[in-house]
Amino acid sequence: MTLRIFNSLTRRKDDFVPLDPDGRRVSFYNCGPTVYGPFHIGNARNFVVVDVMRRWLEHLGYTVHFVQNITDVDDKIIARAAEEGIPPGQLAEKYTKLFFEHIALLGVRPADEHPRATQYVEPMIALVERLIAGGHAYASEDGSVWFEVRSFADYGKLSRKNIDEMRQGERVDEEQQRLKRNALDFCLWKAAKPGEPAWDSPWGKGRPGWHLECSCMAMKCHHAETIDIHSGGVDLQFPHHENEIAQSEAATGRPFARYWIHNGFLNIDGEKMSKSLGNFKTIDALLALYDALTLRHFLVSASYRRELDFTQENLEAARKATRRYAEARREAARVLGAEPAADAWKHSARARELEARFAEAMNDDFNTAQALASLFDLVTDLNTVRTAVERGAGDRGELEALAALLDLFRGILGTTANLEPAEEAGLSDISGQLVELLIDVRAKARRAKMFELADDIRNRLSGMGIVLEDSPAGTKWKRGG
RNA sequence: GGUGCGGUACCCAAGUGGCCCAAGGGGGAGGUCUGCAAAACCUCUAUUCGCCGGUUCAAAUCCGGCCCGCACCUCCA
């Protein structure tokens with residue numbers, strides 16, 4: 001069973017075979033954030049789905065070298081810094097820090113490397129010189145350097161755009177048009193205006209163009225001119241990734257990336273979420289409404305290529321779905337008393353069957369939506385076996401196996417217990433003790449068949465957000481409901 | 001104008017030639033358990049996959065036409 005990846009370059013699901021002769025090492029590059037503000041849940045979708053892909057590749061036994069850049073110098077950063085009255089570098093630093101904090105809240109692991117554009121200016125300049133030497137780029141009178149699109153025959157191969165059919169001249173900067181030979185030519189090196197962050201270059205003071213960074217850092221960090229996987233949102237397909245291909249391949253004469261992965265947009269109430277539309281939701285704002293497990297589950301509940309609509313109803317459904325497996329796992333832990341061995345699932349035929357279904361789904365272009373079907377079937381079995389064990393009739397080994405398998409699935413999707421809301425938290429020690437006291441009083445009332453009193457206690461606690469659940473083993477309580 | 005994506009039950013969402021009278025989640029209905037609830041479990045909730053034709057022994061899946069919605073061609077994950 002091999003992994004198949006939908007490759008934007010071929011528009012097919014291609015078998016995944018890494019370039020590494022041993023077939024073990026995988027070079028993976030994801031376009032990271034431009035740190036001019038906090039990222040939003042739409043950006044988070046990319047970070048999360050790519051995190052899941054990375055985890056799956058590792059699960060399959062690959063050694064993944066995962067690189068995600070941080071664009072810490074760019075027009076928007078400069079503009080925003082001016083608004084806030086602080087140096088651009090300081091603004092970038094602030095939001096870089098916030099980026100790491102926010103991905104951590106969503107359970108997204110940091111990349112193996114997070115190169116920053118400002119640390120790679122030297123090799124970027126070298127790349128520009130190489131392109132000029134090869135006749136693919138030219139400097140304009142202001143000290144900027146442009147990539148000459150018509151010099152690269154394959155231009156448009158990723159986004160299937162034909163240079164002649166594009167709406168040339170529409171919405172273009174007039175000043176830039178004057179400097180460029182062709183409207184589609186894009187900036188490799190941008191001449192600095194006074195006061196802007198700038199580096200010395202053969203063309204004068206300036207800063208690297210956005211597209212250039214990714215080409216340069218992808219090749220540098222992977223020590224290769226061809227990498228295995230390159231990913232980003234669909235909106236980056238054109239022009240960003242198209243331009244990356246053009247400048248990289250024009251320079252090296254080799255394929256730049258072998259598998260191009262593009263995730264679909266996250267809409268909000270049916271409309272595209274974006275920073276420019278201003279309808280975005282940041283992670284900290286969202287975490288006040290939904291727990292991290294819910295957000296992450298929601299983001300993996302549909303296949304990554306599809307559009308996903310962020311609505312209150314959808315999030316509420318996701319929240320309930322996560323409670324289903326979180327609760328099941330907690331109950332299993334309670335009954336088991338000890339953590340199962342990580343590979344305990346291998347001892348159960350049923351678990352192996354569920355694992356095979358999960359793997360089949362994930363190998364089919366990271367189909368997390370379908371993988372979840374296997375996860376939920378597992379949850380049903382887990383609950384059934386757990387109930388049986390509680391009644392002294394079930395197979396403990398089976399319970400351990402299923403619990404271990406649930407951990408495995410959640411580990412791959414990243415919908416792990418550490419993202420769960422702390423349901424029993426939020427009450428001070430004394431309040432918790434008072435709840436216990438009321439439960440004891442109620443138990444006595446029930447034994448005395450004083451059901452009216454018992455129900456009154458339960459109802460009033462429920463009114464305070466404390467839910468009681470009776471079972472043969474005693475009464476449990478939790479917050480919410 | 002060009003290039004793509006999508007339309008599957010009340011909602012979300014897999015499935016892209018026979019395993020599909022269509023997975024899974026949410027919601028709803030009934031049941032088991034329970035003093036009653038809750039939770040859990042069981043059953044039911046699309047003979048049908050935007051519409052119309054066609055190909056095929058066989059189509060949600062392929063082809064053609066049409067109707068809707070969305071994105072990209074400009075910074076954007």
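If you're wondering where the values come from, they're calculated on a predicted model, not measured in any experiment. Here is the naming used below: chain letters follow the sequence lines, and residue numbers restart at 1 for every chain.
With B:C75, B:A77, B:C72 as the candidates, the nucleotide lying closest to the side chain of A:F238 is B:C72. With B:G15, B:C73, B:A14 as the candidates, the nucleotide lying closest to the side chain of A:A302 is B:A14. Minimum atom distance to the side chain of A:R306 is reached by B:A13, of the listed B:C75, B:A13, B:G35. The side chain of A:A317 lies closest to B:G26 when the candidates are B:G26, B:A14, B:A77. Side-chain proximity of A:K320 to B:G26, B:A77, B:G15: nearest is B:G26. Side-chain proximity of A:A373 to B:U3, B:G25, B:A23: nearest is B:A23. The side chain of A:N367 lies closest to B:G15, out of B:G15, B:G2, B:C70. In this structure, the nucleotide among B:C73, B:G25, B:A77 sitting nearest to the side chain of A:R324 is B:G25.
Contact annotation: side chain of A:R458 to base of B:C36, donor-acceptor pair present below 3.5 Å. The base of B:G35 lies close enough to the side chain of A:R446 for a donor and an acceptor atom to sit less than 3.5 Å apart. Side-chain atoms of A:D470 come within donor-acceptor range of the base of B:C36, with a qualifying N/O pair under 3.5 Å. One cannot find a donor-acceptor pair under 3.5 Å joining the base of B:G26 and the side-chain atoms of A:N314. Side-chain N/O atoms of A:K272 and base N/O atoms of B:C70 include no donor-acceptor pair closer than 3.5 Å.
Note on A:S303: a side-chain N or O is less than 4.0 Å away from OP1 or OP2 of B:A14. Between A:N43 and B:A77, a side-chain N or O to OP1/OP2 separation shorter than 4.0 Å is present. The side chain of A:R447 places no N or O atom within less than 4.0 Å of a non-bridging phosphate oxygen (OP1 or OP2) of B:G35.
Look at NE2 on A:H297: it is 13 Å from C1' on B:A14, rounded to the nearest Å. To the nearest angstrom, P of B:A77 lies 13 Å from OH of A:Y29. Between A:D235 atom CG and B:C70 atom P the separation is 18 Å, expressed in whole Å. Nucleotide B:G69 holds its P atom 16 Å from the CG atom of A:D309, rounded to whole Å. Rounded to whole Å, the distance from CD on A:E307 to P on B:C5 is 12 Å. Rounded to whole Å, the distance from CG on A:L106 to C1' on B:A77 is 14 Å. Straight-line distance from the CG atom of A:L158 to the C1' atom of B:C73: 13 Å, rounded to whole Å.
Between the side chains of A:R324 and A:T380, at least one donor-acceptor pair of N or O atoms lies under 3.5 Å. Residues A:S231 and A:N30 have side chains that bring a donor and an acceptor to within less than 3.5 angstrom of each other.
Residue A:H40 is in base contact, counting any heavy-atom pair closer than 4.0 Å across all strands shown. No contact: A:N459 has no heavy atom under 4.0 Å from any strand. Looking at heavy-atom distances under 4.0 Å, A:G232 makes contact with sugar-phosphate atoms alone, never a base. No contact: A:R80 has no heavy atom under 4.0 Å from any strand. Residue-level contact check: A:G156 touches neither bases nor backbone, having no heavy atom under 4.0 Å from any strand. Heavy atoms of A:A369 sit under 4.0 angstrom from at least one base atom. Among the protein residues, A:L375 comes within range of no part of the nucleic acid, since none of its heavy atoms lies under 4.0 Å from any strand. Among the heavy atoms of the strands lying under 4.0 Å from A:E469 is at least one base atom, whether or not backbone atoms are also near. When heavy atoms are screened at a 4.0 angstrom cut-off, A:T380 is found touching the sugar-phosphate backbone but no base atom. Among the protein residues, A:N383 comes within range of the sugar-phosphate backbone only, with heavy atoms under 4.0 Å from sugar or phosphate atoms but none that close to a base.
Partner of A:R350 under the salt bridge (Lys or Arg N to Asp or Glu O under 4.0 Å) criterion, chosen from A:D395, A:D381, A:D377: A:D381.
Where A:S159 and A:H211 meet RNA chain B, the nucleotide closest to each residue was compared, and A:S159 sits on the side nearer the 5' end. For the pair A:K13 and A:P239, nearest-nucleotide mapping onto RNA chain B gives the more 5' position to A:K13.
A salt bridge between A:R357 and A:E360 is absent, with no side-chain N of the basic residue lying under 4.0 Å from a carboxylate O of the acidic one.
When the P atom is compared between B:G27 and B:C52, the two are found 34 Å apart, to the nearest whole Å. Annotation: B:G69 and B:C44 have their C1' atoms spaced 33 Å apart (nearest Å). Across the C1' atoms, B:G26 and B:C67 are found 30 Å apart, a figure rounded to whole Å. Using atom C1' as the reference point in both B:A22 and B:U34, the two lie 36 Å apart (nearest Å). Nucleotides B:G6 and B:U43 are separated by 33 Å at their P atoms, to the nearest Å. When the C1' atom is used for both B:G65 and B:U74, the distance is 34 Å, rounded to whole Å. The separation of B:A59 from B:G17, taken at their C1' atoms, amounts to 6 Å, rounded to a whole angstrom. B:A40 sits 50 Å from B:U55 when the C1' atoms are compared, rounded to a whole Å.
Side chains of A:D75 and A:R207 form a contact here, defined as non-hydrogen atoms less than 4.5 Å apart.
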> Please walk me through it: do A:D470 and A:R442 pass side-chain contact (heavy atoms from CB on, under 4.5 Å)?
Replying inline: CA-CA 11 Å; A:D470 297 326; A:R442 178 166 168 273; 2.8 Å; yes
> Can you list the steps and then say if A:V52 with A:M362 is a side-chain contact (heavy atoms from CB on, under 4.5 Å)?
Replying inline: CA-CA 10 Å; A:V52 172; A:M362 290 302 287; 3.8 Å; yes
>> Let's go through A:F47 and A:F99 carefully: what are the C-alpha distance in whole Å and the side-chain angles of both, what is the deciding distance for ring-ring contact (aromatic ring centres under 6.0 Å, His included) to 0.1 Å, and is it a yes or a no?
In response: CA-CA 11 Å; A:F47 305 148; A:F99 164 75; 5.4 Å; yes
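Pair assignment for B:C44: B:G28, on the basis of Watson-Crick or G-U wobble contacts that are both within less than 3.5 Å. Base pairing of B:A39: no nucleotide in any strand meets the Watson-Crick or G-U wobble criterion (both distances under 3.5 Å). With both pairing distances under 3.5 Å, B:A77 is matched to nothing as a Watson-Crick or G-U wobble pair. In this structure, B:G6 and B:C68 make a Watson-Crick or G-U wobble pair, each of the two defining distances being under 3.5 angstrom. Across every strand in view, B:C20 sits unpaired, with no contact that passes the Watson-Crick or G-U test at under 3.5 angstrom. Pairing for B:C62 goes to B:G54, judged as Watson-Crick or G-U wobble with the two contacts each under 3.5 Å.
You'll find the ring centres of A:H114 and A:F100 inside the 6.0 Å limit.
Once the 5.5 Å centre distance and the 30° plane angle are applied, the aromatic ring of A:F376 is found not to be stacked with the base of B:G24.
Below 30°, between 30° and 60°, or above 60°: for A:H211 and A:H240 the angle between ring planes is between 30° and 60°, a tilted geometry.
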